[in-house]
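Computation of the quantities below employed the complete heavy-atom set of this structure, encompassing side-chain atoms and omitting hydrogens, waters and symmetry-equivalent molecules. In listed order, ligands and their atoms are each counted from 1.
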Amino acid sequence: MTSPATSDLDDAALSPSTTGAEWWRSAVIYQIYPRSFADSNGDGLGDLPGITAHLDDLDALGVDAVWLSPFYRSPQKDAGYDVADYCDVDPLFGTLADFDDLLAAAHARGIRLIVDLVPNHSSDQHAWFQAALAAAPGSPERGRYMFRDGRGENGELPPNNWESVFGGPAWTRVTDPDGAPGQWYLHLFDTSQPDFDWSNPEVQGEFRRILRFWLDRGVDGFRVDVAHGLVKEDGLPDYVPPADAGSMGGGETSVPYWGQPEVHEIYRDWNTVLAEYDGDRALCAEAWLPTIEKTALWVRHDEMHQAFNFEYLETEWDAARLRAVISESLRAYPAVGAPSTWVLSNHDVVRHASRLALTAENPQGHGIGPDSPGKPVPELGLRRARAATALMLALPGSAYLYQGEELGLPEAIDIPDAARQDPTWFRTRGERYGRDGCRVPLPWDADAPAFGFSPTGRSWLPQPADWGSFARSAEAADPTSTLALYRTLLAQRRARGLGTGSLEWIDAGDDVIAFRNGNVTVVANLGAVAVAVPSGRVLAASAPLGDGMLPPDTTVWVASD
Ligand code: GLC
């Protein structure tokens, strides 16, 4: 592989895309899933000091910002997305002082930090929900959540037919203090995650307080969990999902719990809260919606700043489809004044080093395990993943990376049943494997216990035995590694301002994606035969180039200067 000269990267840190206003328009944001990143105290679960200790690695990688998945007080029924106290750190992860240290250390390196906000539901251990259980139907305590009487003669049937995203019914009946069966409460996710009632001003006020708590501490913004779900349709009507409905977004126009128009009022309100603070704080929506056009409604000028581009993530390895989704993204988001974002992996989907080589249908959230059909060939998956990332990082806008993808980590497929932890696995009685396979703790050091994840060798999910070859220590020493590729791509992207650039398509044949962004020409070959590499200086290539030709499943960046 041709390596880029390093001399043209020296001024990379001064790029306006990271220091200027509205940094989020072009930032590369690295998602840390704290429980699986680095464990400093040896309990087998990652923690905040573990992250602080590895910030230099992220600096060397060249990311602009970090998004931290939840680290708040939580019984961990859904890996922290079940929050019992929004303004404290769970002892599993450390303390508020550890958080402040992490934030200061990130800022000292010029890395911004956004945190996860989970407003759709709390944990059932949250003080408000415990008070609601102890209070009577119709009380203000119950009014913060979605309690309803059951249907049927004795209220023995749930209030409607909604299903939990994790499988099974979306309602659970409570037992009253006197032991009698009582009302039902709504939980779009696990039983342990009761949905708030967002029409209640007390809930609205509480979340303004929570936003300010973290903004006062200095965070640069929030990734907003289930941002399309907070408002439910009046009267909570039954819903019969069509066959093509995705569990998080629905496949058609109207789902009574996703994408209700009133939800936008909430984000307009939050936008004004963020505007009280200096320094460009940002909101990013996790909103699974059927089209880019609809998702763009979440990032109008007075709402959120970014939304995850799940349409892009869900597009298969197909040139025509990818061209179409890129074109649509670069039309629809700028049309409302927002940047497009790009993302290939996160803690809820099969890692793209496996997903892009699956040969059977695999709906989001189902995961893959030992008995899944269409399991990927690992070499093909990694090859495509490297090509896909090289394509993504050349696109204008902001890009999200998920921890471990810079090592080329595949999905962990052979996790023993007894070790699985995702509520999806339990709620579907093993019918869906769920998301554990993308959450396995990172390998840092090929020769250390737990590959350096934890000083004691403990690991909350077992790591595949062959992950030593993916360890950062091994890849850092290998110029052809996936880590080396990511470093090159990120440095060149920053030095050449690709995030703030614009895209001009080049016609290069059906199976080839080719475009110019500034003085960089990008060609991705998704076909079965090699194509010519454009003339110019090769800045990066996702696989070795043979005789001036670009092999299948390979992306190249060529400079014309
Ligand atoms: C979001 C999170 C996911 C979580 C769910 C419920 O989709 O990304 O991990 O399980 O919300 O909070």
Would the distance check show the side chain of R142 and the main-chain N or O of A135 forming a donor-acceptor pair, the cut-off being under 3.5 Å? yes
Check: Y239 side chain, E163 main-chain N or O, donor-acceptor pair, under 3.5 Å: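 Checking the backbone N and O of E163 against the side chain of Y239, no donor-acceptor pair under 3.5 Å is found.
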For [X], I'd like to know if atom [atom1] has over 12 heavy atoms of other residues, nucleotides or ligands within 6.0 Å.
X	atom1	result
D216	CG	yes
Q130	CD	yes
R217	CZ	yes

For the 3.5 Å polar cut-off, considering only N or O atoms, please tell me whether W288 and ligand 1 meet it.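 No: no nitrogen or oxygen of W288 is under 3.5 Å from one in ligand 1.
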Answer yes when R355 and E411 have at least one side-chain N-carboxylate O distance shorter than 4.0 Å, and no when they do not. no
NZ/NE/NH1/NH2 to OD/OE distance under 4.0 Å, R439 and D348: yes
Report, in ascending order of atom number, the atoms of ligand 1 lying under 4.0 Å from any heavy atom of [X].
X	result
R439	9 (O)
H347	2 (C), 3 (C), 8 (O), 9 (O)
H121	6 (C), 12 (O)
F166	10 (O)
R435	3 (C), 4 (C), 9 (O), 10 (O)
E286	1 (C), 7 (O), 8 (O)

Which residue holds the protein heavy atom closest to [atom], what is that atom called, and what is the gap in Å?
atom	value
atom 8 (O) of ligand 1	D348 OD2, 2.4 Å
atom 2 (C) of ligand 1	D225 OD1, 3.0 Å
atom 5 (C) of ligand 1	F189 CE2, 3.8 Å

For H187, which part has a heavy atom under 4.0 Å from ligand 1: side chain, backbone, both, or neither? neither
Which is it for R223 and ligand 1 at heavy atoms under 4.0 Å: side chain, backbone, both or neither? side chain
Any idea how W288 and F310 line up, ring-wise: parallel (<30°), tilted (30 to 60°), or perpendicular (>60°)? parallel
Closest to atom 10 (O) of ligand 1 (judged by heavy-atom distance), picking from V83, D78, N120: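 Of the listed residues, D78 has the closest heavy atom.
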The ring-ring contact (aromatic ring centres under 6.0 Å, His included) partner of F71 among Y86, F93, W214 is W214
